[in-house]
Every structure is written in structure tokens, then in C-alpha cells.
2 protein chains.
Amino acid sequence: MHMGDADIAVVAALMGEPARAKVLMALLDGRALAASTLAAEAGVAPSTLSAHLARLVDGNLISVEVSGRNRYFRITRPAVAEALEALARLAPTQPIRSLRQGTHAEAIRRARTCYDHLAGRLGVELLDTLVNSELLVVERSQDAISDPVLGAGRIQRYTLTSAGKRRLADLGVVLDPSSRRPLTRYCLDWSEQRAHLGGALGAALLTRLIELGWLNRCDRRIIKVSNAGRDGLAAEFGIILGP
Amino acid sequence: MHMGDADIAVVAALMGEPARAKVLMALLDGRALAASTLAAEAGVAPSTLSAHLARLVDGNLISVEVSGRNRYFRITRPAVAEALEALARLAPTQPIRSLRQGTHAEAIRRARTCYDHLAGRLGVELLDTLVNSELLVVERSQDAISDPVLGAGRIQRYTLTSAGKRRLADLGVVLDPSSRRPLTRYCLDWSEQRAHLGGALGAALLTRLIELGWLNRCDRRIIKVSNAGRDGLAAEFGIILGP
DNA sequence: ATTACCATTCGTCGAACAACGAAGTATACT
DNA sequence: AGTATACTTCGTTGTTCGACGAATGGTAAT
């Protein structure tokens, strides 16, 4: 009747279907997955999933990359991942059935990927450390650039200090200067209820830590810390992880 | 098959129906509205809306307060409002049809309520000012209290300095010490792409500014600044508003 | 070239669900 | 008391939409 509110309904309906929701959650690690993989993940026939994927693409939540006879899908922009996490915070955590689920839930709270960067307890600890040792400083009261296409989700940023730049370069973290993606970004954690580091820097840091062999991906979103990683994180950042 | 992820689907489906979405958006100002009001807002028959409201209550997104023969519905917890705003950031802003819609959209970006506190350009400015004049300081690297029932949405907090306490007391802002609600909370703004002040303090501040006659509510979510408010905000906080 | 594989389109079936009006149950007004 | 108002429950109708298998168009392997 009167107002110019965005209609939540269409986008929420896209996420409100079980198969599509499973797809989106599977893509939450930021990687691109093939349609067949996603079909198995969602537990429906390929033909069924194809229709779902088409709707998600049409709704601009995911995008396609064709590679040979495969089609890989990934989440288009961070704002999508953020909305998913916001919904996950709301959703009732279903009761733990098996011991495996219990340990899985514990592991995912300890350290996981969120879109393409580090989340969970480790992600939060790491951000805190970077800020406390003044490698990052909070950038406040500066006008945000509003990019309706790409950057609708970015809200609060940090800037890298010169000490931070040096330290990360020493560690071997490489940033792509041509990327239009904001360097850092708040990302809100559903398990820790606090912020962790997103943005291009968060992504590059995760990549490097895996490269160094400090972290390993297993079971999609879960991250495991190696012995080298335990030592390295303690030496480099003073992060002592729980048992 | 394997994991303990929260199922986004059920909660997203609740928001994914046009009538229910309209209801939730109407309730985003934090006030409790009667069922008949909401029926008019959603544009469906009372009997239809009754079913929708029942489902929303069952899904723990809204709660009821009975008052005589009326039933008032409101959003249960801040996390719900946050998820709605996250979705609004994602949703395509539908094209402006009329001039009235244009001015309405401009007004809602200027200053509005979000749940029960101040948002929009004014809300963001106010938070910045409070932080810059060190009435609030960012509270970092402290373990968050995880309250699965009420406080699932709180992420990052500020603490009120002693100067801040004095200043706000002088202004006549009263806080209910018995409330279990966190004093401050980040809340992310879909129009400004930056944070504004939520939590009990954000709510109390809005209440007081309206009491003082500095701000007035009109048309549900829109807030207008009075002449007294313009002077008061400039004198008290140094906030100069645009034209 | 032929065979195998990946993904999409099409047609059909079935279930889920939103919509309404009518009837029922409260509560308020006079 | 009686009447009006506010909301819910119930029964019905109709549409939407997700599910699958079969068939089609491309791409890679041999």
C-alpha cells in the first residue's frame, strides 16, 4: 500500500525450502561445488536440484562457473553468507543424536570456515589478537561506500597498520591488489556470538595458514589445527588453544 | 546425512511468505501491534492472518500479549530483527513508483526505528559521536555470555564509561537495572551499511529523546527531528544534521 | 566415432498450504 | 441483560510447487 521496504519474502522463500537451504549451507564454506555434489548433499534427484539451482541463480544468491561438462556453483556475495548466518543464529539447534554429532558440533565451534575465511573460536581469537597487538585498528566514523551490486553486506572495517602489513608479509600472506573486495570486514559468528575477520584479508590469511600446513580442512567446513599450527600460532600470535 | 547444522529452512520459510513477511516488517519498529492492524497491513482476511500469527508464535519469532479482547504481537528477541535486516540487505529494492515513495525512502534512511532503538543516518551518527567522545568504549576480547534463549543475537558490546554514565543521567536517560537485557549491542544498518546502537541503552536513549520532544515518531518506523531536537543534538552531542 | 557422463528441460503426479466465509468463543460497551 | 467487537477454529477450495523419470543437448574419454 504505501512503503518502499524491500520484500524480504522472495529471498526468504528461496532459503526456506529444505533442499535449497542444504545447498546454501553446503556452499557456506565459499568454495564452488558441482551440481552433482550438491544433489547428493541435498538428497534429491539431479533434475530436481537443477530447478532449485536455477532459482537460486535467478535470485542472485549463487552464481555459476562452467568448467568442461561440469557446472560449479558458489555464493555470489558475502551479504548472502551473512544472512545465512543470521538465520542460523535464529534456527533451533536440533538435538544431538549421536556421539559423532556431538564431536562434530564441538569441532565446528572450535574452528571452521565461514564463506572463505576463518570462524569459530579460533577465528574470534585471531581477530582479537590482531586488534590487541595493533596490527589492525578499527576504522570508525568514515562514510561507507555503498555498492548496491557487490558490497551490500560490508559494514564495519578495520585498517591494516604499517606494522600489520609488515608482519603479515613476513608470514607470507599475499593480497591481490586488483581485487575490488574490501580488505577487511566484520563477520558475525553464530557459535561464538562475536566477530571474526572476513574480507579479502581474512580469506588470504586462511589460505596462507593452510598453505603453511598449520591448518587443514576436513569435512567441508571444519578446520583442524596441526601440531605445527599449534606451535606457530602460539609463537607468532600468542594464541593458546584450549584442549 | 551427517551434520548438526541448524536448519535454516524452517525459520526462513516462516519469513518467506508474503503476508508473514509484511507482518514482520511492520513489527520491526519493536512495538506491539494488534492482530486486526496487522491484518490490514498484510492485506488478508483476519482468519487467514490468525493462522499466520499462530505459526510465527509457534516458531518463536513473535510473542503475544493479551490485553482485553485484543492480542498484541511483537518480535520476541533482537536476533529476529537482525535476521530481518540481513535479509533486507539482500532483497532487491523495488523501483520507486511515486514521489511519495521517494520522499518516504529518503526519510527512512535519514532516521528511523529499528526494533526499539534508533537507526538510519541519525542512529549511526549518534553511535559514532558517543564513541568518539569516549562516553562509550569498545569492549573487546572478553568472553561473551551465551544465552541460547534470549541473547543469541548479541555479538559485540560497548561499555559505558563513568563520564558516559554521568552525561546520560544528566540528560535524563533512565535504565532499568533489573533488566537482563545487555546494555549495548551492535546493530547493523541496511541503509547506512554501518552499525548503530542497540541494546537496553539504545532503547532507553530513544525513549528519552522522544520524551524530550526532540524526536517524533510518524508513519510507524520514520522518526522526525523537531527544531528543539536539532538544537539539542547539536548542543549536547555536536551532531549537525544534513538538510 | 562411439561411448560414457553431466546437467538441463519437460510432463505428470501428489502433497502442502494459503485463502476465504461461516460459525464459535471470548471480552468490552451500554 | 443484550449487542458489538476481536480473534480463533473449522471446512472447503484452489493454486503453487517440489518430487521423480524419461528424454535431450553438450562435453569429455577411448
Side-chain angles (χ1 to χ4, degrees), chain A residues 1 7-27 31-76 87 91, chain B residues 1 7-27 31-76 87 91:
Chain A
M1 205 217 228
D7 53 343
I8 302 293
V10 288
V11 70
L14 282 175
M15 298 176 174
E17 202 281 327
R20 287 196 294 262
K22 282 191 194 120
V23 165
L24 291 170
M25 293 307 279
L27 290 174
R31 283 191 301 186
L33 298 179
S36 55
T37 313
L38 291 170
E41 192 80 22
V44 293
S47 62
T48 304
L49 196 81
S50 182
H52 285 309
L53 290 173
R55 294 189 61 180
L56 288 173
V57 169
D58 187 61
N60 208 17
L61 296 185
I62 64 176
S63 54
V64 206
E65 289 166 40
V66 285
S67 168
R69 57 184 168 187
N70 290 329
R71 301 198 164 190
Y72 293 94
F73 296 87
R74 65 153 40 99
I75 289 177
T76 51
L87 288 172
Chain B
M1 204 219 221
D7 53 342
I8 303 292
V10 288
V11 70
L14 282 175
M15 298 176 174
E17 201 280 330
R20 286 196 294 263
K22 282 189 194 126
V23 165
L24 291 170
M25 292 308 279
L27 290 174
R31 282 193 300 187
L33 297 178
S36 54
T37 312
L38 291 170
E41 193 79 23
V44 293
S47 62
T48 303
L49 196 81
S50 183
H52 285 309
L53 291 172
R55 294 188 62 178
L56 289 173
V57 169
D58 187 59
N60 209 18
L61 296 185
I62 65 176
S63 56
V64 207
E65 288 166 41
V66 285
S67 168
R69 58 184 168 184
N70 290 327
R71 299 196 166 195
Y72 294 95
F73 296 86
R74 64 153 40 98
I75 289 178
T76 51
L87 288 172

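Here is how names work: the chains are called A, B, and so on, in the same order as the sequence lines, proteins then strands, and each is numbered from 1.
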Sugar-phosphate only, base, or nothing, as touched by A/Tyr72 at under 4.0 Å among non-hydrogen atoms: nothing
Backbone N/O of B/Leu61 and side chain of B/Thr76: donor-acceptor pair under 3.5 Å: yes
Validation row: B/Val64, B/Leu53 side chains within 4.5 angstrom (heavy atoms): no
Residues touching DNA chain D, which here means a heavy atom under 4.0 Å, drawn from residues 47-54 of chain B: B/Ser47, B/Ser50
Residue pairs involving residues 42-59 of chain B (criterion side-chain hydrogen bond (donor to acceptor under 3.5 Å, both in side chains); sequence neighbours excluded): B/Arg20-B/His52
Spacing between B/Arg71 atom CZ and C/dT25 atom P, to the nearest angstrom: 15 Å
Set of side chain to side chain contact (heavy atoms under 4.5 Å, CB included) partners for B/Ala13, sequence neighbours left out: none
Atom pair distance, as rounded to whole Å: CZ in B/Arg55 and P in C/dC17: 6 Å
Atom-to-atom span, CZ of B/Arg20 to C1' of C/dA16 - whole angstrom: 12 Å
Partner residues of B/Ala34 under the side chain to side chain contact (heavy atoms under 4.5 Å, CB included) criterion, sequence neighbours left out: B/Ser36, B/Thr37, B/Tyr72
Nearest-Å distance for atom pair CG/P, residues A/Asp58 and C/dT9: 12 Å
Whole angstrom value for the distance that separates C1' of C/dT8 from CG of A/Asn70: 14 Å
Inter-residue atom distance B/Leu14.CG - A/Leu87.CG, 0.5 Å rounding: 10.5 Å
Counterpart residues, side chain to side chain donor-acceptor pair (under 3.5 Å), relative to B/Arg74 (two or more places apart): B/Glu65
Whole-Å distance separating the CG atom of B/Leu33 from the P atom of D/dA6: 15 Å
Candidates D/dT8, C/dT8, D/dA19 - which lies nearest the side chain of A/Ala35: C/dT8
Nearest listed nucleotide, side chain of A/Ala45, among C/dC20, C/dA7, D/dC20: D/dC20
Extract from the structure each pairing of a protein N or O with an N or O of nucleotides 26-30 of chain C at less than 3.5 Å, listing the distance.
none

A/Ala42 versus A/Lys22, closest heavy-atom pair with distance: O-NZ, 3.8 Å
Test applied, side-chain contact (heavy atoms from CB on, under 4.5 Å); reference residue, B/Phe73; option that passes from B/Val23, B/Leu24, B/Ile62: B/Ile62
